[in-house]
Amino acid sequence: MPELPEVETVANGVHARIHGQTIRSVWTSNKPQTFKSPPDEIIEALTGSRIERVHRVGKTIVVDLSRKDLSRKKKPAQFLVHLGMTGRLVICEPAAEIAKHTHLIAKLASGRELRFIDPRMFGKLSVHLHPGGFDPGGVEPLEVSEERFVALFRGRKTPIKSALLNQKLLRGVGNIYADESLFRAGIRPGRRAAAITREQLGKLHRAVQEVLREAIALGGSSINDYVDADGEEGFFQLQHRVYGREGEPCLLCETAIRRVVLAGRSSHYCANCQK
DNA sequence: AGGTTGACCTGGACGC
DNA sequence: TGCGTCCAGGTCAACC
């Protein structure tokens, strides 16, 4: 479900509520698809650790942990949460009803609980124990310079839409924001990356950053069941210009928005405004 | 090697 | 009310 702006919203919300707290105990479901690290390893790393910081790397939520009791000599670890399509990370009172498809509950020193819920089980939980910190590859779209951004696509024969979704190039852009960025840049999703001019790529760089920044400011896009750590919906879906608007008039020229399938994903564009 | 496709899952919306 | 079909914001293995 979530792309960079939604993951950032959730990570910031969770950080504000639970950073500095110690995890007293952890329960996990026994659904193997959800756990990229063995559940025992996750329980071991989390229990007794303090939550130093919750932040975002690409589409992954990273929870930096440290041991409160250094006597146990355990290495600091990072707890990684990937929300997949339908994953949710919520903070609630222990009395709150346990939702169907709950896969992890961490009891905190404050008495509240951090819970991970994921019906489709495309989300993944793991621990990262190596020094240097979690690095999935790719560059952060909000930090990358125009020059490096342009270089990412040089010589690539794949459609620009597929390249934008490739997390080893840019990390964090997903289907909605790829379509919205391409619309703002005036580039059709099916154009070969290598065939796009340097000037247009510069425009795309600005469009990607603009779209992501606007979406973060509005708390992300709520489609179906996405909500942030407070249960609040985002509002960026009201700003979508092409995503989910097949057959509706382009907001600039009134041409009907088209939908095609690229890299197995729905891709929306205006045939008149995007070349 | 780079690029594309299906599989992984559940559930909601829609048509009959 | 129910059943079948299609669709979904992500990723990865397997294939060309």
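Owing to the predicted nature of the structure, the values given are computational and were not obtained by experimental measurement. Proteins get letters first, then strands, A, B, ... in listed order; numbering begins at 1 in each.
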Could you grab the distance from atom CG of L164(A) to atom OG of S267(A), nearest 0.5 Å is fine? 10.5 Å
M121(A) side chain, from C-beta outward: closest of dT10(B), dG3(B), dA8(C): dT10(B)
Side-chain N or O of Q167(A) less than 4.0 angstrom from OP1 or OP2 on dG10(C)? no
Phosphate OP1/OP2 of dG11(B) contacted by H101(A) side-chain N/O (<4.0 Å): yes
Tell me, what's DNA chain B's dot-bracket, Watson-Crick or G-U with both distances under 3.5 Å, | for other-strand, [ ] crossing? .|||||||.|||||||
Atom NE2 of H103(A) to atom C1' of dT10(B): distance rounded to whole Å? 10 Å
Begin with the C-alpha distance, continue with both residues' side-chain angles, and end with the deciding distance and a verdict on side-chain contact (heavy atoms from CB on, under 4.5 Å) for M121(A) and H103(A). CA-CA 9 Å; M121(A) 295 186 286; H103(A) 300 295; 3.8 Å; yes
Side-chain contact check for F122(A): nearest option of dG11(B), dC12(C), dC9(B) is dC9(B)
Proximity to the side chain of R259(A) - top-ranked nucleotide from dC9(B), dG10(C), dA8(C): dA8(C)
Without hydrogens or angle criteria, can the side chains of D64(A) and H55(A) be said to hold a donor-acceptor pair below 3.5 Å? yes
Among dG11(B), dC9(B), dG10(C), which is the nearest nucleotide to the side chain of K59(A)? dG10(C)
Using a 4.0 Å heavy-atom cut-off, does G264(A) contact any base of the nucleic acid, only the sugar-phosphate backbone, or nothing at all? nothing
Atom CZ of R120(A) to atom C1' of dT10(B): distance rounded to whole Å? 7 Å
Just wondering, more than 12 heavy atoms not from R112(A) lying within 6.0 Å of its CZ? yes
Spacing between I117(A) atom CD1 and dG11(B) atom C1', to the nearest angstrom: 15 Å
F35(A) CZ - dC8(B) P separation (whole Å): 20 Å
Test side-chain contact (heavy atoms from CB on, under 4.5 Å) on L83(A) and R88(A) and set out the steps. CA-CA 6 Å; L83(A) 299 174; R88(A) 289 170 52 207; 5.8 Å; no
Given atom CG of L165(A) and atom C1' of dA8(C), what is their separation to the nearest angstrom? 14 Å
Provide, to the nearest angstrom, the distance between the CD1 atom belonging to I176(A) and the P atom belonging to dA8(C). 11 Å
Between atom NE2 of H82(A) and atom CZ of F122(A), what is the distance when rounded to the nearest 0.5 Å? 12.0 Å
Tell me whether the count of non-hydrogen atoms from other residues, nucleotides or ligands lying under 6.0 Å of CZ in R213(A) goes above 12. yes
Under 4.0 Å: is that the gap between some side-chain N or O of K100(A) and OP1 or OP2 of dG11(B)? yes
Tell me what P159(A) touches on the nucleic acid: a base, only sugar-phosphate, or nothing, going by heavy atoms under 4.0 Å. sugar-phosphate
So, OP1 or OP2 of dG10(C): does either fall under 4.0 Å of a side-chain N or O from H82(A)? no
The side chain of E3(A) lies closest to which of these nucleotides: dT10(B), dG10(C), dG3(B)? dG10(C)
Just one of E6(A), R171(A), Q167(A) clears the side chain to side chain contact (heavy atoms under 4.5 Å, CB included) bar with K59(A), so which one? Q167(A)
Side chain of P119(A) (C-beta onward), nearest among dT4(B), dC7(C), dG11(B): dG11(B)
Do you reckon L201(A) sits in the same ILVMFWY cluster as L212(A), going by side-chain contacts under 4.5 Å, direct or chained? yes
S266(A) side-chain N/O to dA8(C) phosphate OP1/OP2 under 4.0 Å: yes
May I have the distance from I160(A) (atom CD1) to dT4(B) (atom P), rounded to whole angstrom? 12 Å
dC3(C) to dC9(B) separation - P atoms, rounded to the nearest Å: 24 Å
Starting at atom CG of L4(A), determine the distance to atom P of dG10(C), rounded to an integer number of angstrom. 11 Å
Which value, in whole Å, describes the distance between the P atoms of nucleotides dA1(B) and dT11(C)? 24 Å
Phosphate-side-chain proximity, S162(A) and dG3(B), N/O vs OP1/OP2 below 4.0 Å: no
Of the listed nucleotides (dC9(B), dG11(B), dT11(C)), which one gets closest to any side-chain atom of R265(A)? dT11(C)
